[in-house]
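Step one of this worksheet: look at the structure below.
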Amino acid sequence: MRIEGRCHCGYITYEAEIDPEAVGVCHCTDCQSLTGSAFSVFVPASRESFRLLTGQPNIYVKTAESGTKRAQAFCPECGSRIYAAAATDPQTFNIRVGTVVQRATLWPKKQVWCRSILPWITNLSSITQIPTQ
Ligand SMILES: [Zn+2]
Ligand SMILES: [Zn+2]
């Protein structure tokens with residue numbers, strides 16, 4: 001499926017082709033601190049299909065426990081995370097689904113790094129829900 005994306009401020013826009021069955025949630029502690037939130041939602045896009053339309057992201061290279069270096073791309077203006085990819089010669093861009101225009105239609109099909117899942121997440125639907133702030 002074809003998707004379009006943009007950061008919060010609109011400086012970065014992109015398009016890509018993705019498989020909706022490949023959407024996932026990552027509960028790793030790096031994603032928690034990098035997002036400032038509980039988890040990240042990602043969907044891979046091949047290098048051939050991912051196209052930046054406007055803007056140029058800044059790159060932060062994180063080194064994982066395993067030693068693997070991953071480039072974390074974010075908007076230099078508003079800080080929105082756009083994708084993560086291999087630090088050198090990336091073949092795949094793991095798009096951050098929160099920047100995808102069609103995100104409401106993308107349901108995660110798997111969760112990874114569940115050993116560091118925040119314990120309340122499994123009960124999210126039981127927490128009081130308010131339509132706006
Ligand atoms: Zn931005
Ligand atoms: Zn993660």
Side-chain angles (χ1 to χ4, degrees):
M1 121 182 218
R2 191 189 147 80
I3 57 167
E4 294 92 47
R6 70 189 296 277
C7 67
H8 187 265
C9 76
Y11 170 69
I12 289 177
T13 56
Y14 63 86
E15 62 182 14
E17 190 71 30
I18 56 105
D19 174 5
E21 297 299 308
V23 179
V25 165
C26 183
H27 295 286
C28 82
T29 55
D30 284 346
C31 280
Q32 289 168 3
S33 57
L34 284 163
T35 60
S37 188
F39 55 82
S40 68
V41 189
F42 61 91
V43 66
S46 70
R47 174 162 73 182
E48 295 72 43
S49 85
F50 180 80
R51 202 155 69 92
L52 267 177
L53 300 175
T54 63
Q56 195 59 48
N58 275 8
I59 303 291
Y60 166 68
V61 177
K62 88 168 170 95
T63 305
E65 239 174 62
S66 61
T68 305
K69 291 190 187 310
R70 297 279 292 171
Q72 310 286 318
F74 60 96
C75 173
E77 303 294 330
C78 69
S80 302
R81 297 177 79 206
I82 308 298
Y83 64 79
T88 52
D89 195 28
Q91 301 300 310
T92 303
F93 293 88
N94 257 345
I95 293 172
R96 299 326 191 191
V97 171
T99 62
V100 175
V101 173
Q102 298 85 354
R103 59 188 174 272
T105 66
L106 299 177
W107 285 54
K109 300 295 192 297
K110 66 176 174 213
Q111 304 183 69
V112 297
W113 288 99
C114 289
R115 76 176 188 196
S116 48
I117 192 169
L118 294 182
W120 50 266
I121 286 175
T122 47
N123 288 319
L124 199 54
S125 60
S126 70
I127 297 173
T128 304
Q129 298 185 30
I130 301 165
T132 60
Q133 183 179 327

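Start at 1 and go down the list; that is how both ligands and their atoms are numbered. What you see is a predicted model, and the numbers here were worked out from it, not measured in a lab.
Centred on the Zn ion (ligand 2), the angle running from Cys28 (SG) to Cys31 (SG) is recorded as 110°, rounding to 10°. Geometry note: the Zn ion (ligand 1) is the vertex, Cys75 SG and Cys7 SG are the arms, and the angle is 110° (rounded to 10 degrees).
Enclosure of atom NZ in Lys69 is not indicated, since only 12 or fewer non-hydrogen atoms of other residues, nucleotides or ligands lie within 6.0 angstrom.
Counting all heavy atoms, side chain and backbone alike, Phe39 lies closest to Cys26 at CB-O, 3.2 Å. Taking all atoms of both residues into account, the shortest heavy-atom contact from Cys75 to Ile82 is N-CG1, 4.2 Å.
Among the candidates Tyr11, Tyr83, Phe74, Tyr14, the single residue satisfying the side chain to side chain contact (heavy atoms under 4.5 Å, CB included) test with Pro57 is Tyr83.
Note on His27: not counted as a metal contact of the Zn ion (ligand 2), no N/O/S atom lying under 2.8 Å. Under 2.8 Å from the Zn ion (ligand 1) lies an N/O/S atom of Cys9, whether from backbone or side chain.
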